[in-house]
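Below is one structure, written out as structure tokens; comments come after it.
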2 protein chains.
Amino acid sequence: MEFSVKPEPGHAGLTREMFGLDQDGKDTQICVVEERPLTIYLNGQEIVTVMTIRDYPEYLALGYLLNQHMLLPNDHVTGVDYDEDIETIVVRTERKTNYEKKLRKKTLTSGCAQGTVFGDLMEHIDGVELPTEAVLKTSWLFALSRKINTQPSLYLTAGAIHGCVLCEADRPLIYMEDVGRHNAIDKIAGYMLQNSLTSKGKIIYTTGRLTSEMVLKTVQMRIPVLISRSGFTAWGVELAQRTGLTLIGRAKGKRFIALAGQERIRFDSETP
Amino acid sequence: MEFSVKPEPGHAGLTREMFGLDQDGKDTQICVVEERPLTIYLNGQEIVTVMTIRDYPEYLALGYLLNQHMLLPNDHVTGVDYDEDIETIVVRTERKTNYEKKLRKKTLTSGCAQGTVFGDLMEHIDGVELPTEAVLKTSWLFALSRKINTQPSLYLTAGAIHGCVLCEADRPLIYMEDVGRHNAIDKIAGYMLQNSLTSKGKIIYTTGRLTSEMVLKTVQMRIPVLISRSGFTAWGVELAQRTGLTLIGRAKGKRFIALAGQERIRFDSETP
């Protein structure tokens with residue numbers, strides 16, 4: 001089973017035709033991706049306003065809160081109420097939450113899109129152990145790149161968008177897009193929580209750069225392999241090395257570079 | 001005079017050689033851009049931690065605070081103290097500042113990199129009037145694209161980086177890069193403040209996407225033309241139309257698309 005969630009570039013409200021001029025002064029028309037604010041509340045508390053395409057607001061809110069450690073993996077979520085008109089979403093939990101203090105300390109990361117990490121950036125990943133038995137076959141990697149890059153998407157339709165894909169072996173499962181790649185990975189985290197999907201055997205593919213926060217989010221989602229067709233930052237690589245994440249960048253066609261966790265890679269493909 | 005500030009890809013500390021494996025399992029080496037936290041203080045108050053390459057921390061801090069309206073254009077800056085060891089920078093002003101309340105309300109934008117706008121996103125630009133007499137010749141645009149894209153840069157050396165360039169007519173003046181394009185444009189704002197550069201006749205060129213916040217920052221810097229080789233979001237376009245900014249995207253070779261402020265464009269180039 002592949003792409004049980006995939007981009008729906010034709011879905012109403014995700015893109016808009018806009019009219020302008022081209023280089024010759026001629027009228028032209030272009031398909032542009034939407035970008036709207038969404039304010040996320042946790043119980044009574046306003047947490048953050050993110051810019052998003054708003055295709056899966058529930059997954060985004062849940063995944064965002066989870067990846068910020070404001071929602072705990074065993075929290076009982078009693079409701080997720082999305083109100084499109086006033087551009088808000090409220091996540092309710094049985095546990096009483098109060099993140100006033102946490103909200104004051106924030107780090108803006110170099111991620112595309114939102115990318116704020118509240119405070120304790122490293123605190124939560126130091127104890128994480130990524131499975132050592134997980135492997136990545138190069139044949140899977142090449143198959144994933146091909147399947148993902150040829151799948152109809154908002155990126156192919158309108159550009160100016162990032163994607164993250166949850167994969168297993170050579171199969172892309174959940175493909176999320178957003179104006180920011182952090183939203184895209186948060187939506188995957190929210191989907192996994194809501195559908196009780198485990199991280200076992202999973203791989204994340206992203207179209208965006210491998211910066212510190214993408215590495216941290218992948219690690220705290222307990223997923224041992226992160227692949228991108230884009231490049232690295234040095235701190236992203238350092239964090240991957242420190243946490244034992246397999247980090248692969250510049251994956252294009254049958255090429256790639258692995259800068260951390262190389263021991264998981266099985267070279268089973270013929271390369272030219 | 002062109003490129004009075006330009007990227008210095010060979011500068012120590014901006015990139016690092018890292019070692020890994022390629023697709024054939026062979027040892028390989030790659031130049032990767034640095035990404036480090038920098039915590040910005042305004043007087044006694046911690047404002048934010050941004051991820052940055054840290055080449056112009058003073059301009060970044062000044063421009064960030066200015067673009068967040070925490071530093072006012074006529075504030076008297078009494079000191080900018082950068083401490084590399086503890087990764088902090090303190091901007092001091094004669095005026096007493098207190099942004100406790102402002103810091104609580106934040107919007108995470110779809111920009112690459114930081115991109116947090118504290119609260120009143122729109123409030124400050126509704127009164128701005130961009131000069132109607134400013135023009136953009138297509139010959140300038142094509143010359144700028146060529147000069148900027150062939151200038152040695154961290155982007156060409158290591159990738160995973162964005163750039164913003166302050167230009168005048170067909171001349172690129174100040175070329176800043178960073179892991180986030182918001183940092184890059186903030187550094188330009190800081191440079192302009194510190195060097196008393198006016199916005200008259202200026203143009204901003206960016207390598208990144210034209211999202212809402214890039215448009216807002218350009219408008220509040222009073223610069224009437226924003227050009228990118230990347231794409232648009234619909235809200236970015238709407239804001240440009242509302243504020244009268246000339247917004248040009250997908251500028252590649254001798255092609256481009258203008259979606260706002262087309263009346264400033266002078267088509268003086270032969271196109272094939």
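So you know, we letter chains A, B, ... as the sequences are listed, proteins then strands, and number each from 1. Keep in mind that this is a model prediction, so the values were computed, not measured.
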Out of A/Gly236, A/Ala160, A/Gly231, A/Gly20, which one racks up the most heavy-atom pairs below 4.5 Å with chain B? A/Ala160
Could you look at B/Ile161 and say if it's the side chain, the backbone, both or neither that has a heavy atom under 4.5 Å from chain A? backbone
Please determine if B/Arg209 and A/Glu35 form a salt bridge, counting it only when a charged side-chain N lies under 4.0 Å from a carboxylate O. no
Scored by heavy-atom pairs under 4.5 Å with chain A, the best of B/Glu34, B/Arg255, B/Glu238, B/Arg36 is B/Arg255
With sequence neighbours excluded, what pairs up with B/Thr246 under the side chain to side chain contact (heavy atoms under 4.5 Å, CB included) test? B/Val225, B/Ile248, B/Arg264, B/Ile265
Checking side chain to side chain contact (heavy atoms under 4.5 Å, CB included) between A/Thr233 and each of B/Val33, B/Thr15, B/Ile53, which is the one that passes? B/Val33
Between A/Val32 and B/Leu259, does the side-chain contact (heavy atoms from CB on, under 4.5 Å) criterion hold? Intermediate values first, please. CA-CA 10 Å; A/Val32 169; B/Leu259 292 187; 4.1 Å; yes
State the CG-CZ distance between B/Leu21 and A/Phe256, to the nearest 0.5 angstrom. 7.5 Å
By a 4.5 Å heavy-atom criterion (distance strictly below it), what part of A/Ala260 contacts chain B: side chain, backbone, both, or neither? neither
Taking salt bridge (charged side-chain N to carboxylate O under 4.0 Å, His left out) as the test, write out the residues that go with B/Arg250, two or more places apart. none
Under a 4.5 Å heavy-atom cut-off, does chain A meet the side chain of B/Ala251, its backbone, both or neither? neither
I'd like to know whether A/Ile30 forms a side-chain contact (heavy atoms from CB on, under 4.5 Å) with B/Phe232, so could you lay out the CA-CA distance, the side-chain angles of the two residues, the decisive distance to 0.1 Å, and finally the verdict. CA-CA 10 Å; A/Ile30 183 178; B/Phe232 307 87; 4.1 Å; yes
In Å, rounded to the nearest 0.5 Å, how long is the span from CD of A/Gln23 to CZ of B/Phe267? 8.5 Å
If I take atom CD1 from residue A/Ile257 and atom OG1 from residue B/Thr28, how far apart are they, to the nearest 0.5 angstrom? 5.0 Å
